[in-house]
Amino acid sequence: TNTPLPIPTSAPTHLTEDGLPASASIDGVIGYAQSHLLTCESRSAVDWARYFGISIEEMDFQAALPVSDNPEIGFVGPIDGYPGQIPPNPYGVHAPPVAGVLRDNGLAATAVKGYSFEKLKKQVASGNPVIVWVIGNVWYGSPVYYTSEDGSTVTVAHFEHTAIVIGYDEEGVTLVDNNLVYWRTTAAFIDSWGVLGNMAIIAK
């Protein structure tokens, strides 16, 4: 198993009541544009992996994902389906299968749901970027309940998307999203992240 050696975060100016730095940022997470309309999860995963010293090609990662109509189990494709749909139409994939492929490549990756914002900040302050499932480029959205062929009820959302949190301050968070780096307010981020239940992949 790969043991990541995080790049140190920026030095905090002061600590908040929870003992975390009021702001933190991670250098060295470089994002690239995804190759296909619905491969954001694979793109985020390989950009995240590269930070920890593991090089994987986006389409090799994509090919390693299982396929299913249930995004908790596998990729709901095809990869160039029209964006914004929900299963069983082309959609994407949730955190557990992505974390599984990352582990297969030697990374200590854990899929989480119901993850708190404070825990996310703790990861970033420790030098660990976090892959998050949001709506579009951190837009508002609503959960939709979908019953897959195996009878499972899954929470999905239109314009499901992934990005990597690399920093936060007292007002918001900074994300790497494909080849874009942008800042969103904490309120906007929490609303968007919450649509799919605060789903993320952490280094653990």
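The residues of the chain are indexed from 1 along the displayed sequence. The shown structure was predicted, so the numbers you read here are calculated from the model rather than taken from an experiment.
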Sequence neighbours excluded, which residues qualify as side-chain contact (heavy atoms from CB on, under 4.5 Å) partners of Val195? Ile135, Pro143, Ala157
ILVMFWY clustering at 4.5 Å (side-chain atoms), partners of Tyr82: none
Nearest atoms (heavy-atom pairs only) where Asn70 meets Asp150: ND2-OD2, 3.6 Å
Are the side chain of Ser126 and the backbone N or O of Lys122 linked by a donor-acceptor pair below 3.5 Å? yes
Output, in order, the C-alpha distance, side-chain angles, deciding distance and verdict of side-chain contact (heavy atoms from CB on, under 4.5 Å) for Tyr182 and Val138. CA-CA 10 Å; Tyr182 54 77; Val138 191; 3.9 Å; yes
Going only through I, L, V, M, F, W and Y residues with side-chain contacts under 4.5 Å, is there a path from Ile54 to Val46? yes
Closest contact, heavy atoms only, Ala45 versus Leu102: O-CD2, 3.8 Å
Identify the heavy atoms of Met199 and Trp193 that sit nearest to each other, and give their distance. O-NE1, 2.9 Å
Whether Thr39 side chain and Ser42 backbone form a donor-acceptor pair below 3.5 Å: no
Does the pair Lys113/Glu72 count as a salt bridge with the N-to-O cut at 4.0 Å? yes
Using the test side-chain contact (heavy atoms from CB on, under 4.5 Å), find all partners of Ser55 that sit at least two apart in sequence or belong to another chain. none
For Gly114, does its backbone N or O pair with a side-chain atom of Asn198 as donor and acceptor, under 3.5 Å? no
So Ile73 and His94, side-chain contact (heavy atoms from CB on, under 4.5 Å) or not? Walk me through it. CA-CA 8 Å; Ile73 295 174; His94 287 175; over 6 Å; no
So if you build clusters from Ile, Leu, Val, Met, Phe, Trp, Tyr with side-chain heavy-atom gaps below 4.5 Å, do Val67 and Phe61 land together? no
Under the salt bridge (Lys or Arg N to Asp or Glu O under 4.0 Å) test, residues paired with Asp47 that sit two or more places apart: Arg43, Arg50
Between Ser192 (side chain only) and Val134 (backbone N and O only), is there a donor and an acceptor less than 3.5 Å apart? no
For Ile190, the side-chain contact (heavy atoms from CB on, under 4.5 Å) test, sequence neighbours excluded, returns Phe117, Thr186
Just by distance, do the side chain of Asn178 and the backbone of Gln34 share a donor-acceptor pair under 3.5 Å? yes
Regarding Trp139 and Asp191, do their side chains bring together a donor and an acceptor under 3.5 Å, going by distance alone? no
Closest non-hydrogen atoms of Pro129 and Ile164, given as atom of the first, atom of the second and distance, are CB-CG2, 3.6 Å
Taking Phe75 as the starting point, is it possible to reach Met59 by hopping between hydrophobic residues whose side chains are less than 4.5 Å apart? yes
Without swapping roles, check the side chain of Thr162 against the backbone of Cys40 for a donor-acceptor pair under 3.5 Å. yes
Could you report the tightest heavy-atom contact between Asp177 and Gly136, atom names first, then the distance? OD2-O, 4.5 Å
Pro90: what forms a side-chain contact (heavy atoms from CB on, under 4.5 Å) with it, not counting sequence neighbours? Leu38, Pro78, Gln85
Hydrophobic cluster identity match, Val181 and Val132, side-chain contacts under 4.5 Å: yes
Spell out, yes or no, whether Ile166 and Leu20 are grouped together once hydrophobic residues are joined by side-chain heavy atoms under 4.5 Å, including indirect joins. yes
